[in-house]
Each structure stands twice: as C-alpha cells, then as structure tokens.
Amino acid sequence: HGDGTMPRPNPVFSGVGRGFAAYLAPPPPDVIRFTVGQPDYLTPEPVVEEAVKALRDGAHAYTRTQGSPSLCSAVASHLEGYGIPAVAEDVVVTPGCKQAVLYALITTLEAGDEVLLLSPAWPSYDGMVQIAGGRPVHVPVRREDYHPDLAAMRAAITPATKAILLNSPNNPTGAVYTREEVKGIVALAVEHDLWIIDDMIYAPLAFTEEGYASPASVPGGAERTVTVGGWSKGWAMTGWRLGWITGPHDLMQAVMTMNTSASTHVPTFLMPAAETALGLTAEVQAMADSFASRRVLFHEGLQRLPGVHAPMPEGAFYALADVTGTGMDDVTFADRALEEARVAVIPGSLMAGGEGLIRMSYATDEASITEGMRRLQAWLEGL
C-alpha cells in the first residue's frame, strides 16, 4: 500500500488468554503453594533409566511418525483396560496431552463450529477452540458437586454445535463423572451427531469407587469419541511432554497428517521410556494412593475455613472452593491470601463461570497442606 501500514498477526490470538500463568510464577520462599498442577514426585526411576539407555544406544534419528509400533500397541492395550476399543494403528503419540487436544480440535472443527465446555473449564480449552477456528460455549456444571448439568448442556446445543469437550477426573473441579452421566452425554452426542473429545489425562487419579468412565466404552460412544491423554499426571512426567490421541480410523488419518506436518514425532529416545512407564503398576499406584489420602487431609482443612465451602474432591489433585461466604470475591481472596496468609491459590474468575471460586492443588506434601490450612484458618478467623 505504501502508506506505512504493517502486516498484523492473526487477531484471534489477542483474544486468547494464557490461563493461570500469572498465578503460577514461583512466589517468595515463605509462601505455601496450593497452585501448581503437577505431581511433587520425580519420574519413576525405571522410566528415567530407559530414556538414558536409549540415548546411549543411539536412538537419535527420525523414526515412525505416530510413535514406535510397540509403544502404540502399549497405549492401545492400556486404553483397553478402561474399556476403550483402541487399536495400535489408530494411536498417535503427541508432544504432550495439550497438543493432543489441539489436534483433536483442529481435525474435528470447521470455522464457526461451537464446542460445549463444562464450566468452569481448564482455561486452555477456551483458547484452543478459538485457535482451531471454533467458538467455545461454556455450560455451567452443577454448583453443589461440579457434575455435568445435562439439561443445561441440552439447552446449549444449537445447529452450530460440533463437539463436547470432557475432562474427568476434572481440572479445576476435582469431579469424577459417573458412568450414568457419561452415558447421558453420549446419548446427547448421538442425538445431535456431535463429536466427544475426552481428555482422560487424570484417569489414573480417580478416587471414586467407579473410577474414570470413558465415553468410548459406552454403546454408541466409540465411533464419535476422540480420546486424548498422556503420561504427565499419573506417572509424574509433566516435563517429558508425552501424550496420546486415538479415535475413529478416518479421523485418525487426519490426525496423522496433522502430526506429520506439525511435529514429525516425539523424541525417539523417549519412546521406549514411555512404553516402560505404561508397564509400571506399583509406582503409579503408590503416587495415586498418596494423592487419595492427601485429598482427605486437604478437605478436612477446607471444612474448618470460615465462609469457605468445597465438596470432597473425587479425583485429579484439585479442590475448587466457593469463597463467596467470606464476603470477598475470588481475586481479592487470592491476593489477600498471598499477602496476609502467605498461601498461594488461583482465582476462579480466570475461567469463564469460575467467579467466586478458587482452585487449589493438593499436589504437595502433607506438612505443607497442614501448615497452609493452618495459615488460611488463622487469617480468615482473624478478619
């Protein structure tokens, strides 16, 4: 044009937030953190050893895009344990579960398609839907237990609705959806011909008797469910950036094209380690058991806080507490808790539908949980 105007970035990115980033920065050393959503464990030693060995043995070159045949088979049989009819040739190993969710959205959505998110939802979903050209539609969950409100979901469906994005065990609510609820969601999806994108990243950390229920394991669910998950939370491998995605064969062909164009494959030398991880039982169970008992300790502490109410968390390592009874909004509560009680928490209004709530993670040691709760209680009682 010659008028000094400059090319502009895609405007969608100016409307996409960065989630909890501002509240996840490390605080001063005297602060107890109930913020970070990652296990406070090192990756199990056999997994580390396998990666070191693969590096030493020269696993340095390109390999099969979707992941080694043996790793894809291991993922498929792991998923079969949850009643998910997975086949190895339709599994893709991705650079983290986050990228698996993004692949699922890019390969299912067209411009303007709507995606139902159960609100409050992990903030990255909203941004990813927008980046994929879709429109996030936030459907509030039931406030008393954070379980899906099927009537509200039905009411939110329009001719533009294309998919429902599920996460159970849930971040930020700690809810684990029942098999009956999942069946109801599948029935809605069948009736309106919708995709279900099921983020099962916290499946190993489900503490209800029934545990994690996959929509792909429900009649009518498999042919419309894209299952995404990964190693981060259940195996304490957040920094390894390893995830998986599987679903109907024709969709997985699109995902393979996407992955080939986007990342080629995850690091070759991590593939044998990821496979080793799926074979571990004792280590994974020990970590899950520790979170299950901390959850009880954490909830006992929450029940002693005046003006704060939270249902018993059912999975993952989060509690979502309603702080409206304190007379503070969630941002004020989080800011003052940090300043006056020296405890870091995340305000819910960073998520659509999260006003009045705060997210807390109990992925920290029991001494810190006890001391953090003592500080919060003393602070609130002194107000």
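For clarity, every value in this text was computed on a predicted model and none was experimentally measured. Because only heavy atoms are used, hydrogens play no part in the values below, and waters and symmetry mates are left out as well, while side chains stay in.
Using a 4.5 Å cut-off on side-chain heavy atoms (C-beta onward), Gln99 and Cys97 make no contact. The shortest distance between side-chain heavy atoms of Leu188 and Leu150 falls below 4.5 Å. In this structure, the side chains of Val331 and Tyr23 come closer than 4.5 Å at one or more pairs of heavy atoms. Put simply, the side chain of Val139 does not reach to within 4.5 Å of the side chain of Ser119, judged on heavy atoms. At least one side-chain heavy atom of Leu278 sits under 4.5 Å from a side-chain heavy atom of Val75. Side-chain contact between Thr43 and Trp231 is absent, with no heavy-atom pair separated by less than 4.5 Å. Looking at Val343 and Glu371, their side chains never come closer than 4.5 Å, going by heavy atoms from C-beta outward. A 4.5 Å side-chain heavy-atom check between Lys53 and Arg56 finds every atom pair outside the cut-off.
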Quiz: residues 206-216 side-chain donor-acceptor pairs under 3.5 angstrom, not counting sequence neighbours:
unit_1, atom_1, unit_2, atom_2, d
Thr208, OG1, Gly211, N, 3.1
Glu210, OE1, Arg179, N, 3.0
Tyr212, OH, Asp198, OD2, 2.5
Ser214, OG, Ala216, N, 2.9

Please table the atom pairs, donor to acceptor, closer than 3.5 Å between any side-chain atom in residues 298-306 and protein atoms at least two apart or in another chain.
unit_1, atom_1, unit_2, atom_2, d
His299, NE2, Ala310, O, 2.8
His299, NE2, Met312, N, 3.4

Using atom types as modelled, flag every donor-acceptor pair under 3.5 Å from a side chain in residues 350-357 to any protein atom, sequence neighbours excluded.
unit_1, atom_1, unit_2, atom_2, d
Glu355, OE1, Gly353, N, 3.4

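Judged by distance alone, the side chains of Asp322 and Thr324 do bring a donor and an acceptor atom under 3.5 Å apart. Looking only at atom types and distance, the side chain of Gln377 has no donor-acceptor partner in the side chain of Arg375 under 3.5 Å away. Side chains of Asp335 and Thr332: a donor-acceptor N/O pair is absent below 3.5 angstrom, by distance only. Side chains of Thr364 and Asp40: no donor on one and acceptor on the other come within 3.5 Å. Using modelled atom types, one finds no donor on one side chain facing an acceptor on the other under 3.5 Å when comparing Ser232 with Gln38. In this structure, a donor-acceptor pair under 3.5 Å is present between the side chains of Ser263 and Asn259.
Distance alone, capped at 3.5 Å, is enough to place a donor-acceptor pair between the Glu314 side chain and the Val176 backbone. Without hydrogens or angle criteria, Ser361 side chain to Val36 main chain gives a donor-acceptor distance under 3.5 Å. Counting only distance, with no hydrogens or angles, the side chain of Asn167 and the backbone of Asn170 share no donor-acceptor pair below 3.5 Å. Panel note: side chain Lys233, backbone Phe317; no donor-acceptor pair is recorded below 3.5 Å. Distance alone, capped at 3.5 Å, is enough to place a donor-acceptor pair between the Arg295 side chain and the Pro313 backbone. Judged by distance alone, with hydrogens and angles left aside, the side-chain atoms of Thr107 form no donor-acceptor pair with the main-chain N or O of Ala254 at under 3.5 Å. Counting only distance, with no hydrogens or angles, the side chain of Thr158 and the backbone of Ala160 share a donor-acceptor pair below 3.5 Å. For Thr268 (side chain) and Ala59 (main-chain N/O), no donor-acceptor pair under 3.5 Å exists by modelled atom type. Panel note: side chain Arg359, backbone Thr35; a donor-acceptor pair is recorded below 3.5 Å. Without hydrogens or angle criteria, Glu181 side chain to Thr178 main chain gives a donor-acceptor distance under 3.5 Å.
The shortest heavy-atom contact between Met200 and Ile84 is SD-CD1, 4.1 Å. Minimum interatomic distance between Met237 and Val47 (heavy atoms only, all atoms of both residues): CE-CG1, 3.7 Å. Counting all heavy atoms, side chain and backbone alike, Thr161 lies closest to Leu194 at O-CD2, 3.2 Å.
Under the rule for a salt bridge (Lys or Arg N to Asp or Glu O under 4.0 Å), the partners of Asp145 that lie at least two apart in sequence or sit in another chain are Arg142. Listed by chain and residue number, nothing satisfies the side-chain contact (heavy atoms from CB on, under 4.5 Å) test with Ala187 (two or more places apart in sequence, or in another chain).
A distance of 8.0 Å separates CZ in Arg8 from CE in Met6, rounded to the nearest 0.5 Å. Note that CD1 of Ile185 is 10.5 Å distant from OG1 of Thr225, once rounded to the nearest 0.5 Å. Between the CE atom of Met258 and the CD1 atom of Ile245 there is a distance of 10.0 Å, given to the nearest 0.5 Å. Remark: Arg64 CZ to Met271 CE distance equals 9.0 Å, nearest 0.5 Å. Note: Arg33 CZ to Ile346 CD1 = 9.0 Å, rounded to the nearest 0.5 Å. Put simply, CG on Asp149 and CZ on Arg154 are 11.5 Å apart, with the number rounded to the nearest 0.5 Å.
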If you apply the rule side-chain contact (heavy atoms from CB on, under 4.5 Å), what do you find for Thr63 with His265, and how did you get there?
CA-CA 8 Å; Thr63 187; His265 57 69; 3.9 Å; yes
Worked check of side-chain contact (heavy atoms from CB on, under 4.5 Å) between Val190 and Arg224
CA-CA 8 Å; Val190 169; Arg224 61 184 60 257; 3.6 Å; yes
Quick one: do Phe34 and Ile358 satisfy side-chain contact (heavy atoms from CB on, under 4.5 Å)? Show the steps, please.
CA-CA 10 Å; Phe34 290 156; Ile358 54 162; over 6 Å; no
Tell me, with the steps shown, if Tyr202 and Ser168 meet side chain to side chain donor-acceptor pair (under 3.5 Å).
CA-CA 7 Å; Tyr202 294 101; Ser168 169; over 6 Å; no
With side-chain contact (heavy atoms from CB on, under 4.5 Å) as the test, would you mind laying out the steps for Met256 and Val92 before giving the verdict?
CA-CA 7 Å; Met256 285 179 203; Val92 172; 3.6 Å; yes
Using ring-ring contact (aromatic ring centres under 6.0 Å, His included), reason through Tyr318 and Tyr362 one step at a time and then give a plain yes or no.
CA-CA 6 Å; Tyr318 305 106; Tyr362 52 86; 7.7 Å; no
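For the side chain to side chain contact (heavy atoms under 4.5 Å, CB included) test with Met128, the passing option among Leu109, Leu102, Val115 is Leu102; the others fail. With Glu275 as the fixed residue, the side chain to side chain contact (heavy atoms under 4.5 Å, CB included) test singles out one of Val93, Leu270, Leu71: Leu71.
The local environment of CD in Glu339 is sparse, with at most 12 non-hydrogen atoms from other residues, nucleotides or ligands closer than 6.0 Å. Few gaps surround NZ on Lys162; more than 12 heavy atoms of other groups in view lie less than 6.0 Å from it.
The hydrophobic clustering, which links ILVMFWY residues whose side-chain heavy atoms are closer than 4.5 Å, places Val31 and Met360 apart. Cluster annotation: Trp240 and Val91 are assigned to the same hydrophobic cluster (Ile/Leu/Val/Met/Phe/Trp/Tyr, side-chain heavy-atom contacts under 4.5 Å, transitive).
For the side-chain hydrogen bond (donor to acceptor under 3.5 Å, both in side chains) condition, the pairs that include at least one residue of residues 76-96, sequence neighbours left out, are Asp90-His249.
Aromatic ring pairs are classed by plane angle as parallel below 30°, tilted from 30° to 60° and perpendicular above 60°; the pair Trp244 and Trp235 is perpendicular.
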